[in-house]
2 protein chains.
Amino acid sequence: MEHYIDKLKHSGLKLTPRRQAIIALFIERKSHLTPEKVWEYLKKKFSRCGLPGVYRNLESLVECGILTRIQQFDSKKHYSLCSIGYGHDHHHFICRKCNKVEEVDFCNFKVISRFIEDNLHAKVEAHQFQIQGLCSKCK
Amino acid sequence: MEHYIDKLKHSGLKLTPRRQAIIALFIERKSHLTPEKVWEYLKKKFSRCGLPGVYRNLESLVECGILTRIQQFDSKKHYSLCSIGYGHDHHHFICRKCNKVEEVDFCNFKVISRFIEDNLHAKVEAHQFQIQGLCSKCK
DNA sequence: TACTAAATAGAAAATATTTCTATTTAAGAG
DNA sequence: CTCTTAAATAGAAATATTTTCTATTTAGTA
């Protein structure tokens, strides 16, 4: 938690109760969450709580490198904790049952990047790598 | 084009003018497109044309393996042609300038898959790999 | 404690997607 | 070629999702 608070302050963002609660929620759940899900949780903790604020907070937490956007194919936004940070390459394993997101600390992207630059003559700038399956508990 | 028509028929889907036009559009543009963009194009070709139909067609073209969903972070759905097919692993290079989508015929996923199964003790089922950058023309 | 920029709620608007029903059409059978 | 039927369609409407806006409140600092 300290780690995340440092990231917040380092980005010049204020440490508000709302943000602390959001970070705590993600730490507790370990899964990716939609703005709506986050809102459901926050409404229980804060009597006054707007969905627009949730959207804004999630985006600012992405920008300061605490959260990352997770791609699902359901027309909703999804976020999860991410130590790698905004603008960098992301590698996530996502459990299709419990939605737990685990970071994959391995990437042989250089090889693929080289392949692409050689074969497509393109300039590679970023990549996202998502792996789906069942986590150790769900399988 | 023949290739795509075969795929359609093979899936028991009808070859309608709408679908032919959608496939032709994707072949011509080479880029990923949102339902809205596809609709804009179809409206020029068909006097009567509904957006719900576009949504349905795009989804059925995904299911028969002609299109794939492309992940962008803008709250819209994105589709592109894809020879790999539904449920299989996808590897795309996407130009951030012209939105051209190129398939990457290279994958050392087995190594990463093995790494994940060994380290996270998870069962890997699918993966998507997206690479962003500038294509040969745009760079 | 006072100040200031940032964060907030809530209403409203804008955007995106899905559902529904009646009508039309593609494709196979005869 | 015509008939039949299941699939595809339009368009209206509903729903869902996200963003914008304004006034108010608050965190962090001096």
Side-chain angles (χ1 to χ4, degrees), chain A residues 1-2 4-25 32-64 66-67 69-79, chain B residues 1-2 4-25 32-64 66-67 69-79:
Chain A
M1 193 64 181
E2 275 310 314
Y4 296 113
I5 293 174
D6 287 348
K7 275 199 177 179
L8 259 187
K9 294 194 173 171
H10 210 263
S11 305
L13 294 177
K14 289 182 180 174
L15 177 62
T16 65
R18 208 55 50 93
R19 285 176 179 158
Q20 289 193 71
I22 293 175
I23 294 169
L25 171 65
H32 58 86
L33 297 165
T34 60
E36 175 110 41
K37 288 282 174 198
V38 173
W39 188 43
E40 278 173 21
Y41 170 81
L42 288 182
K43 278 191 292 188
K44 288 179 203 156
K45 303 204 70 167
F46 301 91
S47 56
R48 314 175 84 234
C49 183
L51 191 50
V54 175
Y55 275 92
R56 247 175 302 110
N57 270 326
L58 291 173
E59 276 308 301
S60 50
L61 292 173
V62 167
E63 271 155 43
C64 78
I66 292 177
L67 298 181
R69 300 190 195 91
I70 289 290
Q71 305 255 24
Q72 296 293 101
F73 285 114
D74 63 353
S75 315
K76 287 178 195 170
K77 295 197 162 177
H78 292 256
Y79 296 85
Chain B
M1 190 67 182
E2 277 308 315
Y4 296 114
I5 293 174
D6 288 347
K7 274 198 178 180
L8 258 187
K9 294 194 171 170
H10 211 262
S11 306
L13 295 178
K14 289 182 181 175
L15 178 61
T16 65
R18 208 55 52 95
R19 283 176 182 160
Q20 289 192 72
I22 292 175
I23 294 169
L25 171 66
H32 58 86
L33 297 164
T34 60
E36 176 108 41
K37 288 282 172 200
V38 172
W39 189 44
E40 277 172 24
Y41 170 81
L42 288 182
K43 278 191 291 188
K44 289 179 202 156
K45 304 204 69 166
F46 301 91
S47 56
R48 313 175 84 232
C49 183
L51 190 51
V54 175
Y55 275 90
R56 247 175 301 111
N57 270 326
L58 291 173
E59 276 306 301
S60 49
L61 292 173
V62 167
E63 270 156 42
C64 77
I66 291 176
L67 298 181
R69 299 187 197 94
I70 290 289
Q71 306 254 24
Q72 298 291 101
F73 284 113
D74 63 352
S75 314
K76 288 178 193 171
K77 294 196 164 180
H78 293 256
Y79 296 85

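In the text below, chain A, chain B and the rest are named by the order of the sequence lines, each starting its count at 1.
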(request) Going 5' to 3' through nucleotides 17-30 of chain C, assign each nucleotide B (protein heavy atom under 4.0 Å from a base atom), S (under 4.0 Å only from sugar-phosphate atoms) or - (no protein heavy atom that close). (result) BBB-----BBS---
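Rounding to the nearest 0.5 Å places CD1 of B:Ile66 at 11.5 Å from CG of B:Leu58.
Counting to the nearest Å, the P atom of D:dT18 and the CZ atom of B:Phe73 are 13 Å from each other. Taking atom CZ of residue B:Phe46 and atom C1' of nucleotide D:dG11, one finds them 17 Å apart after rounding to whole Å. Residue A:Ile5 contributes atom CD1, which lies 13 Å from atom C1' of D:dA27 at whole-angstrom precision. Atom CG in A:Leu58 sits about 14 Å away from atom C1' in C:dT8, given to the nearest Å. Remark: C1' of C:dA16 and CD of B:Gln72 are 16 Å apart, rounded to the nearest angstrom. The interatomic distance linking A:Arg19 (CZ) with D:dA27 (P) rounds to 11 Å, in whole Å.
Contact of the A:Gln71 side chain with the B:Phe73 side chain is registered, since non-hydrogen atoms from C-beta on lie closer than 4.5 Å. Using a 4.5 Å heavy-atom cutoff, the side chains of A:Leu8 and A:Leu61 are in contact.
In this view, A:Tyr79 and A:Glu59 satisfy the side chain to side chain donor-acceptor pair (under 3.5 Å) rule, not counting sequence neighbours. Remark: B:Ser11 pairs with B:Leu13, B:Cys64 by the side chain to side chain contact (heavy atoms under 4.5 Å, CB included) rule, at least two apart or across chains. Scanning for side chain to side chain donor-acceptor pair (under 3.5 Å) contacts around A:Asp74 gives A:His78, with sequence neighbours left out.
Within the structure, salt bridge (charged side-chain N to carboxylate O under 4.0 Å, His left out) contacts touching residues 8-17 of chain A (residues at least two apart or in different chains) do not occur.
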Just list the side-chain donor-acceptor pairs under 3.5 Å for residues 34-44 of chain A, sequence neighbours left out, or say none.
residue, atom, partner, partner atom, Å
A:Thr34, OG1, A:Lys37, N, 3.2
A:Trp39, NE1, A:Cys49, O, 3.0

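Proximity of residues 37-44 of chain B to DNA chain D (heavy atom under 4.0 angstrom from any strand atom) is not detected for any residue.
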